[in-house]
Amino acid sequence: MLTPEQNERLVRTDRGTEMGTLLRRYWIPALLAEEIPEPDCPPVRVTLMGENLIAFRDTQGRIGLLDEFCSHRTASLFFGRNEECGLRCAYHGWKYDVEGNCVDMPSEPPASRFHEKIKQTAYPCVELGGVIWTYMGPPELKPELPELEWATLPPENVFVSKRLQESNFMQAMEGGIDSSHVSFAHRFNMDDDPMHAGTPGIEYLKADTRPKFEVIESDGGLLIGARREADEENYYWRITQWIMPWYTIIPPFGTHNPLGGHAWVPIDDETCWAWSINYHPTRPLREDELDAMRRGEGIHAKYLPGTYRTAANKTNDYLVDRQAQKDKRSFSGVEGIAAQDFSLQESMGPIVDRTKERLGTSDAAIILARRRLLAAAETAAKDEPLPGDRAEHHRVRSASVLLPRSVPFQEGAKDALVVRPGEDFVSV
Amino acid sequence: MLTPEQNERLVRTDRGTEMGTLLRRYWIPALLAEEIPEPDCPPVRVTLMGENLIAFRDTQGRIGLLDEFCSHRTASLFFGRNEECGLRCAYHGWKYDVEGNCVDMPSEPPASRFHEKIKQTAYPCVELGGVIWTYMGPPELKPELPELEWATLPPENVFVSKRLQESNFMQAMEGGIDSSHVSFAHRFNMDDDPMHAGTPGIEYLKADTRPKFEVIESDGGLLIGARREADEENYYWRITQWIMPWYTIIPPFGTHNPLGGHAWVPIDDETCWAWSINYHPTRPLREDELDAMRRGEGIHAKYLPGTYRTAANKTNDYLVDRQAQKDKRSFSGVEGIAAQDFSLQESMGPIVDRTKERLGTSDAAIILARRRLLAAAETAAKDEPLPGDRAEHHRVRSASVLLPRSVPFQEGAKDALVVRPGEDFVSV
Amino acid sequence: MLTPEQNERLVRTDRGTEMGTLLRRYWIPALLAEEIPEPDCPPVRVTLMGENLIAFRDTQGRIGLLDEFCSHRTASLFFGRNEECGLRCAYHGWKYDVEGNCVDMPSEPPASRFHEKIKQTAYPCVELGGVIWTYMGPPELKPELPELEWATLPPENVFVSKRLQESNFMQAMEGGIDSSHVSFAHRFNMDDDPMHAGTPGIEYLKADTRPKFEVIESDGGLLIGARREADEENYYWRITQWIMPWYTIIPPFGTHNPLGGHAWVPIDDETCWAWSINYHPTRPLREDELDAMRRGEGIHAKYLPGTYRTAANKTNDYLVDRQAQKDKRSFSGVEGIAAQDFSLQESMGPIVDRTKERLGTSDAAIILARRRLLAAAETAAKDEPLPGDRAEHHRVRSASVLLPRSVPFQEGAKDALVVRPGEDFVSV
């Protein structure tokens with residue numbers, strides 16, 4: 001339960017807000033590389049934390065992310081012509097390069113130097129792991145490039161999707177670090193993700209629905225340990241990495257299955273992009289796995305054709321099927337693990353009122369994540385280094401392990417919790 | 001004509017407003033019993049006076065009406081599982097009974113007593129006359145159960161419908177107590193209601209379109225007398241009961257036809273439920289009558305399939321037919337008595353600006369109804385008894401009678417204006 | 001670039017605003033005559049500068065433009081009965097004539113004189129050039145009737161259309177007085193208007209895309225001269241008349257082709273009517289020309305059936321065709337000259353933020369037009385005569401001429417810039 005003021009601090013991300021200043025200190029997943037697939041392709045609209053932007057890939061393959069509205073008379077560059085290493089406004093022909101320089105101003109006399117005074121807002125971009133990332137903060141504080149494991153692997157080892165979520169990013173992310181809901185919202189669908197079916201972990205999850213949580217601050221965020229009964233001597237530990245400001249890595253189900261992860265990035269205060277990633281550190285994804293991911297299974301979702309908006313959404317009550325709910329084919333009546341999550345998260349309203357919550361012991365990770373974000377916001381206000389802003393903070397893994405009852409998880413799983421390139425991860 | 005302040009006092013009904021406090025002192029028609037037809041059926045959303053609620057019928061048939069949003073993390077209970085005498089949130093499995101007690105909290109350790117501290121807002125409900133009623137006021141001030149005649153009859157004597165109206169409840173109700181518009185808005189359709197065709201009253205109505213109004217305060221609301229010429233010795237009186245806070249009973253057309261009544265209940269400040277009831281005190285409704293009601297004739301309306309929203313509505317200009325208007329098949333061009341009313345009421349905008357009205361003698365009932373409501377709001381603020389809050393205030397009938405010109409209507413029709421169970425009502 | 005205050009002054013037009021007071025001092029194109037085609041036809045809704053109105057043509061053909069909402073209880077007169085020289089409210093039968101007098105009040109006693117106290121707001125109307133014009137200002141300041149050339153010609157010489165634009169009227173009008181964008185937004189479509197194909201002017205436009213602007217204040221608005229290279233001795237001048245408050249006349253392409261003109265009239269602050277007119281001073285329009293205009297070619301637009309809303313609009317990204325953009329069939333990818341304009345104008349948002357602009361020499365006319373409007377608003381506040389409020393201010397023509405390099409355009413084209421009835425206009 002937060003005060004109204006704390007809630008406001010946590011959810012507002014426009015430029016100039018406390019959280020907005022914090023989030024702009026990190027590299028931000030901005031769009032899928034596939035959205036601007038080749039040089040001189042059409043520009044696309046991108047909105048991040050309330051800023052309307054236009055992304056394009058220039059003739060040389062460089063990526064530009066500019067203020068959407070032309071400096072001249074504020075027409076949208078969405079209608080711009082992407083040609084000869086620049087994006088040209090369709091209204092009066094002003095042309096910008098990927099750095100926002102006005103490189104041509106054909107509406108003014110040939111000798112005019114007016115174009116030298118014009119600078120379109122432009123954010124640096126980088127393409128990693130099938131995602132185009134941008135940095136929207138002060139140039140002098142730009143952090144190291146992201147090294148989340150999935151962003152460093154060969155493309156054939158990774159599948160990334162994004163979907164529009166109609167809620168503030170915080171309540172989406174809180175759903176992601178909340179292991180407790182799995183036993184309920186997904187109770188009848190735990191086996192449905194083809195990426196973790198038939199593993200011993202699933203059996204432990206089903207058998208013990210009241211995990212005990214232990215949450216520890218890591219350098220880059222949180223280590224969230226969920227302890228379940230395994231056998232007389234051992235506990236089954238699922239250890240989730242939360243990497244600031246918005247990444248999670250899902251603990252594995254067997255080493256033969258791909259891993260999963262998420263990111264939640266504000267579009268504006270009432271919508272966000274939910275990024276979902278499957279990857280395997282030591283092998284390419286198989287065609288059957290990719291097929292399932294493309295169909296929207298597991299952590300991915302089914303789309304309205306031609307969009308990144310989900311077929312099941314608020315306007316159709318997420319296609320809730322009351323018979324499926326009755327028949328215990330779906331706990332909430334909504335089909336699909338992803339849709340089960342976002343339907344409940346969106347049902348709280350676009351911005352959840354955290355003054356009305358009653359949090360229990362199962363919410364320990366959520367409580368700590370909020371605290372770390374609010375504390376980091378104060379650090380950001382002082383231009384100081386932040387948790388999660390260094391590449392080494394990203395080089396971590398989640399794990400699922402059996403440990404003797406007397407062994408603390410962070411000791412017993414120590415080696416399992418760091419990325420060892422080329423080596424497999426640890427999972428029962 | 002009201003001041004802006006008076007208008008605001010009259011139309012706002014959220015918790016904490018003056019009118020909101022008044023209305024919460026009465027039993028409220030909340031939903032049709034058919035919406036939650038059987039034990040353990042799916043829960044449904046109900047919004048009343050700005051409060052988002054969830055209605056469900058538990059395993060034992062008891063009715064629950066809970067705050068829509070779970071006390072834990074505010075997910076909507078719309079996705080809840082209605083099972084074993086309680087509604088279980090689909091997010092983390094918290095379960096509530098019809099009184100709002102948290103009877104299971106499976107996300108917390110078995111020994112936890114946290115659930116004892118949780119109380120979901122719950123309003124008491126009762127089922128009467130095919131309607132589920134709720135009481136949202138202070139428990140110690142809960143009034144007697146409603147005894148409107150239609151709510152006390154055998155089910156086969158009654159037909160109830162509800163429809164969404166896109167206006168504040170007040171302007172809808174004002175339309176209901178305004179007998180004057182009948183001669184205009186419904187001029188070419190007075191015979192269309194199969195529930196009153198071919199009666200002498202209709203002829204009097206057509207012959208004299210300038211009724212003289214006499215309005216008297218009754219214990220429970222108002223007695224609205226509309227006097228028309230009948231013959232040399234007699235007046236034709238149509239006497240409407242307005243029962244506070246929002247009920248009307250339509251004066252009868254012949255004793256062989258069913259009676260009609262309405263209620264207007266705020267959903268929020270810009271929409272309301274218009275309830276329409278036909279009933280006969282001494283006989284079951286006939287199949288042909290029920291068919292007509294189900295088709296949306298008379299005071300009922302035609303729906304968009306699967307909804308309580310009308311087929312003719314604001315988005316389609318109420319299917320206005322200019323040729324029918326020209327041909328004198330419809331005065332306004334809108335088809336159907338109900339749609340003729342709500343199209344005009346909604347055309348004033350979601351909340352009518354009463355500072356711009358110019359009221360005449362035909363608006364006497366409206367003027368007095370507003371005064372009684374504003375006065376009652378002051379009474380409610382003092383927690384004192386209210387007009388319309390006692391069962392005896394409900395045991396009244398409307399009437400249509402011929403009276404000698406010298407006889408005051410309230411005397412001449414005295415016996416006709418009270419419910420006499422098992423006896424027929426009075427109508428020419 | 002304006003201050004936020006200047007921008008607000010320029011764009012707000014509700015009654016009581018500075019610009020609203022100015023614009024109400026002129027005759028206003030309110031609706032097409034075809035919308036109320038005959039006596040006693042159905043009334044239609046008209047919104048102008050935030051005022052909701054109802055237009056009707058009475059039994060004698062007189063035009064009424066009344067406040068939409070009945071003085072009695074504010075029901076919409078949209079459902080009114082247009083009969084026997086008046087519009088009768090469908091709720092209680094109050095009837096108004098074209099001057100807003102309440103000529104019948106059948107809900108009140110026959111002897112009542114209440115109707116004499118009722119005056120429905122009514123604006124005087126006149127029909128000229130296929131358009132119904134109204135005057136919404138103080139009666140004592142009503143100006144001479146409009147005499148824009150197209151409004152004075154025989155009907156067979158004129159074609160008028162209107163379309164809904166989803167932006168403030170100012171940014172639409174600024175697009176109209178901005179000759180510079182033609183070389184860019186319409187670069188690949190200059191020949192597409194069948195009304196000016198194959199003329200020498202088109203060749204000069206294509207050859208020199210950096211015109212030099214000279215803008216001069218005229219009695220009624222601005223004379224906007226755009227100078228392009230023609231040959232060694234001559235300049236090609238396109239001279240546009242801007243007539244206050246919102247008219248433009250497009251310079252001609254050959255004397256055999258029709259002329260074109262526009263008006264932009266606020267509906268509310270975020271939408272406007274874009275009026276488009278083709279006309280020829282000395283001959284009827286040909287059937288092939290009318291066909292093209294009806295199809296939405298040239299300055300007209302294609303509609304959604306049954307509406308004045310364009311088929312290409314914000315909801316469908318103006319049907320942008322990226323391949324057409326790539327193939328240089330359309331500079332922005334949008335099809336049609338009109339749609340190319342309004343797509344860019346609307347892309348700035350409903351009200352452009354002029355504090356963010358960076359204006360160049362090509363924006364000289366826009367800068368001066370804003371200044372004249374803001375200055376005129378101060379004049380209007382003093383009830384003094386205004387530029388553009390006299391018929392003689394309307395009797396002007398635009399021109400396109402070749403002039404020796406040493407001759408100032410306003411001298412060389414002097415005779416070409418006034419209307420000479422029955423005589424052809426001047427164009428190369």
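Naming convention: chains lettered A, B, ... in sequence-line order (proteins, then strands); numbering from 1 in each chain. Since this is a predicted model, take the numbers as computed values, not measurements.
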Item to check | Heavy-atom proximity to chain B below 4.5 Å, by part of C:D40 | outcome: both

Checklist entry - Using non-hydrogen atoms only, which part of C:C89 is less than 4.5 Å away from chain B: side chain, backbone, both, or neither? => result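 For C:C89, the contact with chain B is made by the backbone alone.
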
Next on the checklist: Please classify the contact of B:F213 with chain C as side chain, backbone, both or neither, using a heavy-atom distance under 4.5 Å.
Outcome noted: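 Neither part, no heavy atoms under 4.5 Å.
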
Next on the checklist: I'd like to verify something: which residue of C:M105, C:K117, C:H92 has the highest number of heavy-atom pairs under 4.5 Å with chain B?
Outcome noted: C:H92

Checklist entry - Picking from C:F69, C:F114, C:W94, which has the most non-hydrogen pairs under 4.5 angstrom with chain B? => result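 With the most close heavy-atom pairs to chain B, the winner is C:F114.
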
Does [X] qualify as a cation-pi partner of [Y], given the criterion of NZ or CZ under 6.0 Å from the six-membered ring centre and within 45 degrees of its axis?
X	Y	result
C:R45	C:F78	yes
C:R81	B:F331	yes
B:R227	B:Y235	yes
B:K328	B:F188	no

Among [options], single out the residue with the greatest number of heavy-atom pairs under 4.5 Å to chain C.
options	answer
B:M348, B:H186, B:E174, B:E357	B:M348
B:D353, B:V352, B:D178	B:D178
B:S332, B:S183, B:S180	B:S332
B:D317, B:D341, B:V182, B:V334	B:D317

Checklist entry - Strictly by modelled atom types, are C:E346 and C:Y318 linked by a side-chain donor-acceptor pair under 3.5 Å? => result yes

Next on the checklist: When you compare the side chains of C:Q165 and C:Q345, does any donor N or O come within less than 3.5 Å of an acceptor on the partner?
Outcome noted: yes

Checklist entry - Backbone N or O of B:R12 within a donor-acceptor pair of the B:D269 side chain at under 3.5 Å? => result no

